[in-house]
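These notes are about the structure you will find just below.
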There are 2 protein chains.
Amino acid sequence: MLRPHTSSKPVSIKDIARIANVSHSTVSRALRNSPLVHPSTAEQIRKIASESGYRASAVARSLVNRRTHTIGVVVTTIADPFNGEVVSGIEDKANHLGYSVFLANSKSEPERELRVVHSFEERRVDGIIVTSSRVGAHYADLLERMNIPVVFLNNHNPGNFAYSVSIDDGNGAREATNHLLDLGHTRIGYIGDEFGLRSNENRLSGFRGALRSRGVKEHAEAMESGDGSCAEGAAAMERILKRTPLPTAVFCYNDQTALGAMSALHARGIRIPEEISVVGFDDLPAASYASPPLTTVRQPMEQMGRRAMEILAGLLSGETAGIEGVEKFDGELIVRRSTASPKK
Amino acid sequence: MLRPHTSSKPVSIKDIARIANVSHSTVSRALRNSPLVHPSTAEQIRKIASESGYRASAVARSLVNRRTHTIGVVVTTIADPFNGEVVSGIEDKANHLGYSVFLANSKSEPERELRVVHSFEERRVDGIIVTSSRVGAHYADLLERMNIPVVFLNNHNPGNFAYSVSIDDGNGAREATNHLLDLGHTRIGYIGDEFGLRSNENRLSGFRGALRSRGVKEHAEAMESGDGSCAEGAAAMERILKRTPLPTAVFCYNDQTALGAMSALHARGIRIPEEISVVGFDDLPAASYASPPLTTVRQPMEQMGRRAMEILAGLLSGETAGIEGVEKFDGELIVRRSTASPKK
DNA sequence: GTGAAAGCGCTAACAT
DNA sequence: ATGTTAGCGCTTTCAC
């Protein structure tokens, strides 16, 4: 059985003042190392504070300062490993800068997205970071109307935002495709994310651009799309496998899609890369432990998260030197063993 | 270039009072649907509030209520997929119960762990959930001393805590081992997590118990340990592969360890499950897309997260009916294709 | 049904 | 160097 929690109120600045026989403002000053307080009294106050387990109330402080030193992070779901990496970077930087982070999952449900943003407003977060948002222009408006800075990270929306950090999708896709082309592939498929999403469009057009510049024509039988998950990646690959001729290589929107596709290939006994090469995008930790290890375009996910937080902190402090509104990171092609030249 | 953010103060209860020509207390009542306010004035007030984009300040409210409706979640790192699933469950439940969640990564660094908990104290979170903590008794004391309820989830510490939800490690390990035994394996290895961690000890003793009850003796050449990561799982497997005789099956502390082990096996050209069977623990999403799909013990991670949040909420509201202090979830053996009978 | 006043735990003038 | 006072945006007596 469980016993309900009985809480007693925390010690306050006044309690300390009483013990130290000074006014509460002196305590306030001492605790924030104001030079305006006598060293010895300051010393004594700090001693009492630490002995009594005093913890300044951030909520009271926030009320007067109008700054909570708190940010809100909206992700579709933190269970997605991509978001996990990004949030890890955000939290790390936030922690070092003295910010606490509220985390909320939107699940891409507009109704929930709204609730989440409202709660952030009520909490008076100083700023917001939104990662991988799939929701539309309506939501963007909502955020713009809030009177606090918002930084987007790899947003899928076609909307235009003032501040964002994202991967160079086009370039990454081009590099990946060129790698396949260099290996001699000519029947290359693409398994995308939902169509209409910006990042997918950009990767797709990078893919197409690479083909075009080598005079290779698109292999229409192997153009498919999923939703960025393993499950849909597998399903998409299965659809491709029903059509002929089979591609000799497939470029996937992301690693999860690629991992799903690989599992469909394995299930059919099709060897990777001997029969079909597979390339992903992201370089999730799982990519290097797949079998075979997955060739992919690395996104510096943690670093991007950290950068988003830095930009936000810049916006909040006014120190905006060296910060661009829209920052693009370069992907890096990581060649592993899921790609090889096609058999003759 | 980026323009620093210029914020104007949000509309307050007083602003609305002025416009509605009532006192701010009436506004406060109206907005919280107090029956003490005349329907028509309430109506008018709500209209003004919504038109002006009013958002009640949770920080002001918290100051008077002494409740922030906020909880703190400490994870080692949110980049770990296990924690991602758990936090997803916590956040989901918290959201429905009207709580916001602060997320912090401890990275298992005691110094950072301390900072994180202190910041939670200052933020006046109503409660704390700690997942997969690896830090020792010292930290546990710190938490116990705080005057707010703490719920642990799968803590690795040998310490004893008032409130916790965890998986039944022993039983899960026993089931997994029995599965291997049923298949006819007699040379079974174990790749653990760091020794000394409670969960590892429990899985290991479940493993040993199962062997013992069938009269199979431990295969000492294949007892190894990593740190719960793919990388160390692979390294541990490589060490095992240097010794003879090889095991015909290996049970791993968790899926990541198993996935790493599988990748080491693949790299050496050893077939799974024909030559060596592999079993994991957790059932991460990646497990079903591994090749071959991984046999593992499923932990209901999201559900455990939700339950931890429920318990915490119960502690906070005093509704403790149907809540045990220490709750154990049962794992479920999921047989996939990474296990088979050993070749004769 | 509504207003006036006090107070939550701090910070920041403004005295002294 | 320290104390007094006001106020941050709310909720909650207590009057009326």
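Lettering of chains follows the sequences in order, A, B, ..., and the numbering in each one begins at 1. Every value quoted in this text rests on a predicted model; they were computed, and no experiment measured them.
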With distance as the sole criterion, is a donor-acceptor pair present between the side chains of A/Ser108 and A/Ser106 under 3.5 Å?
no
When you look at A/Glu302 and A/Arg306, which way does the salt bridge (charged side-chain N to carboxylate O under 4.0 Å, His left out) test go after all the steps?
CA-CA 6 Å; A/Glu302 283 216 31; A/Arg306 268 194 283 270; 3.6 Å; yes
Is there a side-chain contact between A/Asp92 and B/Asn105 in this structure, where contact means two heavy atoms from C-beta onward sitting under 4.5 Å apart?
no
Give, ordered by number, those residues of residues 29-50 of chain A having at least one heavy-atom distance below 4.0 Å to an atom of DNA chain D; if nothing qualifies, reply none.
A/Arg29, A/Leu36, A/Val37, A/His38, A/Thr41
Is there, by distance only and without an angle test, a donor paired with an acceptor across the side chain of B/Ser25 and the base of D/dT11 below 3.5 Å?
no
Please work out if A/Val22 contacts a base, only the sugar-phosphate, or nothing of the nucleic acid, heavy-atom cut-off 4.0 Å.
sugar-phosphate
Check whether any side-chain heavy atom of A/Tyr163 lies under 4.5 Å from a side-chain heavy atom of A/Val326, and answer yes or no.
no
By nearest heavy atom, map B/Leu63 and B/Ser23 onto DNA chain C; which one lands nearer the 5' end?
B/Ser23
How many angstroms lie between atom CD1 of A/Ile48 and atom CD1 of A/Ile16, to the nearest 0.5 angstrom?
7.5 Å
How would you list, by chain and number, every residue that makes a ring-ring contact (aromatic ring centres under 6.0 Å, His included) with B/Phe152, sequence neighbours excluded?
B/Phe161
Starting at atom NZ of A/Lys14, determine the distance to atom C1' of C/dA6, rounded to an integer number of angstrom.
11 Å
Classify the nucleic acid contact of A/Asn21 as base, sugar-phosphate or nothing, counting any heavy atom under 4.0 Å across all strands shown.
sugar-phosphate
Report yes if a side-chain nitrogen or oxygen of A/Lys9 is closer than 4.0 Å to either non-bridging phosphate oxygen (OP1 or OP2) of C/dC8; otherwise report no.
no
Round to the nearest Å and state the distance from B/Glu122 atom CD to C/dC10 atom P.
10 Å
Could you give the distance from CG (A/Leu316) to CD1 (A/Ile71), rounded to the nearest 0.5 Å?
9.0 Å
Would you please confirm or rule out a distance under 4.0 Å between OP1 or OP2 of C/dC8 and any side-chain N or O of B/Arg66?
no
For B/Ser57, report the nucleic acid contact type (base, sugar-phosphate, nothing); a contact means any heavy atom under 4.0 Å.
sugar-phosphate
B/Thr26 vs C/dG3: side-chain N/O to OP1/OP2 distance below 4.0 Å
yes
Please give, in whole Å, the distance from C/dA13 P to A/Asn65 CG?
11 Å
Quick one: A/Ile13 CD1 to C/dA12 P, roughly how many Å, whole number?
11 Å
Could you state the atom-to-atom distance from CZ of A/Arg123 to P of D/dG9 in whole Å?
18 Å
On a plain distance test, is the side chain of B/His24 in donor-acceptor contact with the base of C/dT2 below 3.5 Å?
no
